[in-house]
Amino acid sequence: MPELPEVETVVRGLRTVLPGRRILNVRLGKTDFIEDPAALESQLPGGRIVAVRRHGKFIVVELDSENGRRQATSLLIHLGMTGQLVTCPTETRILPHTHVFFGLDDGRELRYTDIRRFGQMRILANGAHESVLGGLGLDPLEASEQEFSARIRARSAHIKALLLDQHVLRGMGNIYTDESLWRARIHPRRLGAKLSDAEVHKLYRVMRQVLNEAIRLGGSSISDYVDADGQPGEFQIWHRAYGREGKKCSRCGKTIQRIIVAGRSSYFCPGCQRASRKIRRKRTPR
DNA sequence: CTTACGGCCTGGGTGC
DNA sequence: TGCACCCAGGCCGTAA
């Protein structure tokens, strides 16, 4: 579920409460989504949180390296489809599927809840960041238009697949990809290498616009997503394509369709997101 | 090197 | 009420 705006919202929330806190203890439930559960239990207690960062859809909780014997480490968290990372008082009722508890030195806890356990959690020793996070693509909000254009044009895959590919861009997911393509009036099956200058320019602009608006509204909540305080986002109200199969396009009035592209449900308007002639011919053979 | 697909896991919704 | 089936914000490994 969580894409860049949701992860950014969670990180901003955590940033207001975690830095400066010391982790006192770690309690684990199911651990099949944790790379090395024993490492969490042995290396995190005693550590002080110094920063919380986002890298694509990953959350990086940085710990200090004080008292010499312990190496500086980071806690790397990916929320997968249904992961939630929330701080609350220790006595707060425990939600089902909560599998990780970090006891903090202010009487609160950082909890990780994940129904489907598609998330991921691991310890990163100092210096291991590059090997794990270095392979990811451009941050959509930091990349220049030139960099974006070069990456998109370099491969002739469907534009939908390119936007979703974390090695091309880091942070885009199914919702913001469909919303960006709708705003740019680009069909999800168009090929990256074949987009015009004007189309790439438009896509770059609207993608940043969509992401920034979503961040401002605290992300999109479809079912499971909540921020670091357990609150849902509000951007779903503004979706114009995602999840709107059968509804009228707010721009041209045609009916929004759902097709599978890159193995994912893809919502688009056949009226204002025209397929290339080649694709159209394939779909309506004479 | 690509792309396509199944699988991971649980729950919600729908239709019979 | 039960059951089968489809769908879900992500991503990885394997096969072609």
Side-chain angles (χ1 to χ4, degrees), chain A residues 1-11 29-35 54-59 76-85 95-100 112-122 132-133 135-137 140 151-182 188-194 207 210-211 214-215 217-227 232-246 257-267 279 282:
Chain A
M1 100 325 66
E3 307 179 26
L4 189 155
E6 290 76 32
V7 178
E8 178 66 22
T9 301
V10 169
V11 164
K30 289 186 181 174
T31 58
D32 55 357
F33 60 97
I34 303 175
E35 184 194 47
R54 177 184 64 77
H55 194 87
K57 298 176 193 172
F58 284 93
I59 297 168
L76 186 66
I77 300 166
H78 195 293
L79 300 176
M81 295 271 267
T82 52
Q84 302 178 347
L85 199 53
L95 292 174
H97 307 288
T98 301
H99 297 299
V100 184
Y112 180 74
T113 306
D114 188 349
I115 295 174
R116 294 168 75 180
R117 303 199 305 284
F118 285 179
Q120 182 183 331
M121 202 174 285
R122 63 193 291 182
V132 176
L133 299 176
L136 295 178
R151 288 294 191 103
I152 294 301
R153 292 263 174 65
R155 284 169 50 195
S156 74
H158 294 146
I159 184 61
K160 166 97 183 192
L162 292 179
L163 295 179
L164 284 177
D165 186 341
Q166 300 301 297
H167 301 285
V168 175
L169 291 175
R170 55 179 198 252
M172 294 289 284
N174 211 27
I175 293 177
Y176 298 103
T177 294
D178 281 4
E179 291 303 307
S180 296
L181 290 173
W182 181 85
R189 284 207 181 109
R190 294 283 306 285
L191 304 183
K194 295 207 165 177
M207 172 184 73
V210 165
L211 294 173
I215 289 171
L217 291 179
S220 301
S221 289
I222 303 300
S223 58
D224 302 294
Y225 164 70
V226 295
D227 67 15
E234 294 175 1
F235 189 70
Q236 64 280 5
I237 297 167
W238 299 99
H239 292 175
R240 288 292 177 264
Y242 180 81
R244 299 182 56 80
E245 182 182 22
Q257 291 183 4
R258 182 175 76 95
I259 59 176
I260 302 297
V261 185
R264 310 291 301 277
S265 279
S266 301
Y267 301 87
I279 298 174
K282 223 194 299 184

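Atom set for the values below is all heavy atoms of this structure, side chains included, hydrogens, waters and symmetry mates excluded. Within every chain, numbering begins at 1; the chains are lettered A, B, ... in the order of the sequence lines, protein sequences first and strands thereafter.
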It should be established whether A:Tyr242 places a side-chain nitrogen or oxygen under 4.0 Å from OP1 or OP2 of nucleotide C:dG9. yes
Closest listed nucleotide, where the reference is the side chain of A:Lys30 and the choices are B:dT10, C:dA8, C:dG9: B:dT10
So which of A:Arg54, A:Arg170, A:Lys57 actually passes salt bridge (charged side-chain N to carboxylate O under 4.0 Å, His left out) with A:Glu8? A:Arg54
When you measure from the side-chain N and O atoms of A:His78 to the phosphate of C:dC11, is any distance below 4.0 Å, counting only OP1 and OP2? yes
Once you round it to whole Å, what is the distance between P of B:dG12 and CE of A:Met81? 15 Å
Give one of base, sugar-phosphate or nothing for A:Ile115, where a contact means two heavy atoms less than 4.0 Å apart. sugar-phosphate
For A:Leu79 and B:dC9, what is the distance between atoms CG and P respectively, to the nearest whole Å? 19 Å
Report yes if some heavy atom in the side chain of A:Val210 is under 4.5 Å from a heavy atom in the side chain of A:Trp238; otherwise report no. no
To the nearest angstrom, the CG-P distance between A:Asp165 and B:dA4 comes to 13 Å
When the distance from CG of A:Asp32 to C1' of C:dG10 is rounded to whole Å, what number comes out? 15 Å
Pi stacking test for A:Phe118 and C:dC11: under 5.5 Å apart, planes under 30°: no
Distance check: side-chain N/O of A:Arg264 vs OP1/OP2 of C:dG9, anything under 4.0 Å? yes
Which of the following nucleotides, B:dT3, C:dA8, C:dG9, is nearest to the side chain of A:Arg258? C:dA8
Return no unless some side-chain N or O of A:Ser221 is found under 4.0 Å from OP1 or OP2 of C:dG9. no
Nearest to the A:His97 side chain among C:dA8, B:dT10, B:dC9, which nucleotide is it? B:dT10
Is the phosphate of B:dT3 approached by A:Lys160 (side-chain N or O, under 4.0 Å from OP1 or OP2)? no
Under a 4.0 Å N-O cut-off, is there an ion pair linking A:Lys160 with A:Asp178? yes
Does A:Thr82 contact B:dG11 through a side-chain donor or acceptor facing the base, at a distance under 3.5 Å? no
Could you check A:Arg116 against A:Gln120 and say which one's nearest nucleotide on DNA chain C is further toward the 5' end? A:Arg116
When rounded to whole Å, the CG to C1' distance for the pair A:Asp178 and C:dG10 reads 15 Å
It should be established whether A:Lys57 places a side-chain nitrogen or oxygen under 4.0 Å from OP1 or OP2 of nucleotide C:dG9. no
Given C:dC11, is OP1 or OP2 found less than 4.0 Å from the side-chain N or O atoms of A:Gln166? yes
Sticking with atom P, work out how far C:dC6 lies from B:dG6, rounded to a whole angstrom. 12 Å
If you look at every strand shown and take non-hydrogen atoms under 4.0 Å, does A:Ala262 touch a base, only sugar-phosphate, or nothing? nothing
Counter-base of B:dC8, judged by Watson-Crick or G-U geometry with both distances under 3.5 Å: C:dG10
Quick one: sort the A:Phe58 and A:His78 rings into parallel, tilted or perpendicular, breaks at 30° and 60°. perpendicular
Test log, rule side-chain hydrogen bond (donor to acceptor under 3.5 Å, both in side chains), inputs A:Glu3 and A:Tyr225: CA-CA 10 Å; A:Glu3 307 179 26; A:Tyr225 164 70; over 6 Å; no
Atom CZ of A:Phe235 and atom P of C:dG9: how far apart are they, to the nearest Å? 16 Å
What nucleic acid atoms does A:Gly173 come within less than 4.0 Å of, heavy atoms only: base, sugar-phosphate, or nothing? sugar-phosphate
What is the distance, to the nearest angstrom, from the CZ atom on A:Arg117 to the P atom on B:dG7? 18 Å
Got a salt bridge between A:Arg116 and A:Asp224, using NZ or NE/NH1/NH2 to carboxylate O under 4.0 Å? no
Would you mind reading off the distance between A:Leu162 atom CG and B:dT3 atom P, rounded to a whole angstrom? 7 Å
